[in-house]
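Each chain gets a letter, A, B and so on, in the order its sequence line appears, and its residues count up from 1.
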Amino acid sequence: MKCRLPSGGRVDRSNPLKFTFDGKTYSGYAGDTLASALIANGVHLVGRSFKYHRPRGFLSAGSDEPNALVGVGSDSARYTPNLRATQVELYDGLVAESQNRWPSLSLDFGGVNDLFSRFLTAGFYYKTFMWPAGAWKALYEPMIRKAAGLGKAPVSPDPDRYTQVYAHCDVLIVGAGPAGLTAALAAGRSGVRVILCDEQAQLGGSLLSERKAFIDGEAAADWLARAVQELASRSNVMLLSRTTAFGWYPHNFLGLCQRVTDHLGEGHAKAPRERMWQIRAREVVLAAGAIERPLLFPDNDRPGVMMAEAARTYLNRYAAIPGSKAVVFTACDSAYRAALELKESGVHIAAIADVRSSPKGPWIETARAAGIDVRPSTVVTATYGRLHVSHADLTDEITGKSETLPCDLLLMSGGFTPSVHLFSQSRGMLVYDESIKAYIPGESNERERSVGACRGVFDLGAVIANGFSGGLDAVRAAGGKPAPEHKFPVFAQSLGQDGVIGFANKVVKRGGRAWVDFQNDVTVKDIELATREGFRSIEHVKRYTTTGMATDQGKTSNMNALGIVSQALDLPVSKVGLTTFRPPFTPTTFGAFAGQSKGELFDPVRQTSIHDWAAENGAVFEDVSLWKRAHYFPRPGEHMHAAVKRECAATRQSVGIFDATTLGKIEVVGKDAAEFMNRMYTNAWTKLEPGRLRYGVVLREDGFIMDDGVVGRMAPDRFHVTTTTGGAARVLALMEDYLQTEWSDLDVWLTSTTEQWAVIAVQGPNARKVLQPLIQDIDISPEAMPHMSVREGHICGIPTRLFRVSFTGEVGFEVNVPMGYGRSVWEAIFAAGKAYDITPYGTETMHVLRAEKGYIIVGQETDGTVTPDDVGLSWAVGKTKKDFVGKRSLARPAMTAADRKQLVGLLTVDPKVVLEEGAQIVVDPREPIPMTMIGHVTSSYWSAVLDRSIALALVRGGRACIGTRLSVPMPNGPITVEVVSPVFYDPEGKRIDG
Amino acid sequence: MSLDDQSWAEYLYIRSNPRGIHAERWRHINGCARFFNVRRNTVTDEILTTYKIGKSPESQSEELDRSAKGGAVR
């Protein structure tokens, strides 16, 4: 590794690793990131920018990195695109590749975009690709799709496991730099429950690259080790490294994503790849630190142009040297420290160009004393070098003189931006502090406080004191007993708090493009263009130019963009404002959010106790909400149409058996049960005698049909209510809503019994004959048990509520038995029915048979805008009832208008043609487009018993159209239909009694 | 029918969207399934108080004071 120091850094030299980048193999050490290892190997070119495909290198050393986006993974299942190489922990055998380039990083055809940059400025897509309109489908869209996007998506299912964990704590501390660590020490020593998290593998933050400072009497690195050890030894403190707090949700609920195994390589079956922590914290301490800000100058994006503090991190933490001769361009003192430390390790510092006209203080003096050429009032006005920076022009703002200096590293520092992302997400108010040119946390909305650099405190001594007191403050607020105060004497040279935002050049004429948002390729010119085009709000500028909208959410660009807008509009920064930060702080995997909810576990599957019998007998299933229902029972060689035709015929001719268990059931019990039912349903219930059934309709408050079902009165104070399969929970919720919040005076209670009863429908002329021998103690003769009656007794010795009810129009029963007995009773009925060729049928046949009788299905003939009268159910509305849910709404004029859509039947003039459900209906097929649509087909089937097609439809003023013809326009031509009554078969209802 | 059609339509379909303290009804769906009342600040999402259906926040807190023996609810 040609750019690795022989000793030093925190990498583990006893653990060498091999990895490949763009097909080439390199060496590194455990403890490296992909970025530090590449730098140690002298690799500077690591990506191509999004829009212009400009060669890019490492800008930073952390999660703020905008350029070095790589794809990591050795196979298509584990490939992850758009990872920041500065955050990828190196492991042996790691395979990584650069992105957004073809055919290679050094020779990328996309680079031609840079030649056309004049035409690709901000918002160019609003002004181009307009003409001709026809070119969109064939040319523009395919072209744009190919060029757009960043990284390649994996194409195989993710084989890794992700889990989700919930935790509570008294104090959650985000960030384990000096402020976070001391806050954790304070809270830990106070004995409260503490969670400390940090996005990096090692705790310590800025202390990990600190060589000179002394804390509490020892070198920073030693103090750090002891502090971590103390925290690790406390049982009330949980340390989460490699854990990013990515989102703040109401009431101190934070989302954290812990990367558990990525640093170990691929395929660790024993542990989940990532753990999503959902933490409810009494109090939060934000110690998120600050992000160094780039300077704006022409071509400030070349590989080798890097943040000063990042270079210092690569040097001190990874012993990796990012260059051999450096130019430093700065607006603050901290870059001097980086320059001096690099010089100590053998890097030649060609010059420090300082934007400030008279920089003073110990850092400047030490730099001069070390022989470094410090140039005040000097700015960089150009850089050179296509794949790696080679020279920079330094221009004296006072004299106007320029000098070109050779360099292979250009360090820049515009100051530090406090990380207020999480604070902003928690909806705290940000306040602009002119003295540090930064937004810092103001008034909190949640129970939190910010400490250290993230609130604009930069000196190490102040940071540490601030962290400790913040920790104690959190303990107090959480109701705990604070540990004793502790003063940490700190020896560290102050770095001041100077900085600039926006363009720093005061005097020198600007030429060339200066990059603001590196990832989305937004330049100063783009932002100035936006303001010239009239975008004055920072929200508009952001969206028009896309600055701050890349995966880095503007970590290194937002403040500079703000500065440019402020300069362009001549408005103070605080008047321009800042855009809102949104979770996640850094990109977070889909897997972590999905957790275990995938595949078989995505949704619970509900099955009846008869399900397995159906599966064993060849049923094809369909999903009805979360339930599996048998759709049809094909015999060998049958497709659906043939099976359904056979099932329908067999049921009408002899007897069919059907699993109706999924229907909702509610037991309504109490002295006021009938009164409650009267108020909930449209029907009158008071006079319904025990032992009788009635078809009930329930409306919403706005008068539209919500659900329906047959209701049995078991006793004066007990109703067995049924609902549709999908509507069960909704109906019960509506009932509970009224009962608890409006009618608490009623003596009635509700129990969901959907899963308590298995329901077996036996339908057909031979239904009674099949059931008779199985039932011991109920007289099911037509005289003793007329249609719409219910009896309690036993079937095969099992207690049953036997309903005489029919959804087919044939003689019918529904056998309710306790759920556990569903299958055995089904099998007994099936065996008894063998003599009559009993046929199991599914939901498709059920749909056809009821349609032949004109029975509606809620959700098929109704869509939430249909009244009882619309579908011919006025008879179910109790006329003398004082009030029921929806009654008032039915009286609204629109609800009784004559041209409302009404339920009718449709018979195609050509009986072989089956209409499509949802097809629109018109009067005149020759009407020019747009045609007047007067209704639509709600249900459509082939009727076996009528040997032709049938359909139900909702048509404007439909009942008055009966006897006339209408048209259904279809792509192949219009279909003529005859409008008829919706009851197609046995209109007198003679078959119901067999 | 004490409301005319216009007023009834407004009751059904027109909602106000107050900025600030708002009294609303919640339901503990994944628990006891009971409805209860909440006073919430619609801007900050701060929950100010919860109280039973049919009660007012003031009468509720009096009852709690009388029956409480310590361990105040935050």
Atom [atom1] of residue position [X] - does it have more than 12 heavy atoms of other residues, nucleotides or ligands inside 6.0 Å?
| X | atom1 | value |
| --- | --- | --- |
| A/Lys481 | NZ | no |
| A/Tyr166 | OH | no |
| B/Asn30 | CG | no |

Check whether any side-chain heavy atom of [X] sits under 4.5 Å from a side-chain heavy atom of [Y], and report yes or no.
| X | Y | result |
| --- | --- | --- |
| B/Glu46 | A/Glu446 | no |
| B/Trp8 | A/Glu701 | yes |
| B/Asp5 | A/Pro893 | yes |
| B/Arg25 | A/Asp737 | yes |

Return the set of residues passing ring-ring contact (aromatic ring centres under 6.0 Å, His included) with A/Trp749 (not counting sequence neighbours), or none when no residue passes.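 For A/Trp749, no residue satisfies ring-ring contact (aromatic ring centres under 6.0 Å, His included) once neighbours in sequence are set aside.
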Considering all heavy atoms of both residues, which atom of A/Gln740 and which atom of B/Ala33 are nearest to each other, and what is their separation?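 Residues A/Gln740 and B/Ala33, closest heavy atoms: NE2-O, 3.3 Å.
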Nearest heavy atoms of B/Leu3 and A/Arg888, plus distance in Å: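 Heavy atoms of B/Leu3 and A/Arg888 come nearest at O-NH2, 2.9 Å.
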Is the shortest distance from a Lys or Arg side-chain nitrogen in A/Arg427 or B/Asp45 to a carboxylate oxygen in the other one below 4.0 Å?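 Salt bridge present between A/Arg427 and B/Asp45.
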Check side-chain contact (heavy atoms from CB on, under 4.5 Å) between A/Glu443 and all other residues, then give those that pass, not counting sequence neighbours.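 Only A/Met429 meet the side-chain contact (heavy atoms from CB on, under 4.5 Å) criterion with A/Glu443.
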If you tally heavy-atom pairs under 4.5 Å against chain A, which of B/Asn37, B/Thr44, B/Ile47 wins?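 That would be B/Thr44.
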Which atoms of B/Phe36 come close to chain A, meaning under 4.5 Å heavy atom to heavy atom: side chain ones, backbone ones, both, or neither?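 It is neither, since no heavy atom gets under 4.5 Å.
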Considering only heavy atoms, which portion of B/Arg34 lies under 4.5 Å from any heavy atom of chain A: side chain, backbone, both, or neither?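 Both the backbone and the side chain of B/Arg34 come within 4.5 Å of chain A.
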Interface moiety of [X] toward chain B, non-hydrogen atoms closer than 4.5 Å:
| X | answer |
| --- | --- |
| A/Asp702 | both |
| A/Glu742 | side chain |
| A/Ser744 | neither |

Would you check, one step at a time, whether the test side chain to side chain contact (heavy atoms under 4.5 Å, CB included) holds for B/Leu12 with A/Ser889? CA-CA 9 Å; B/Leu12 286 178; A/Ser889 295; 3.4 Å; yes
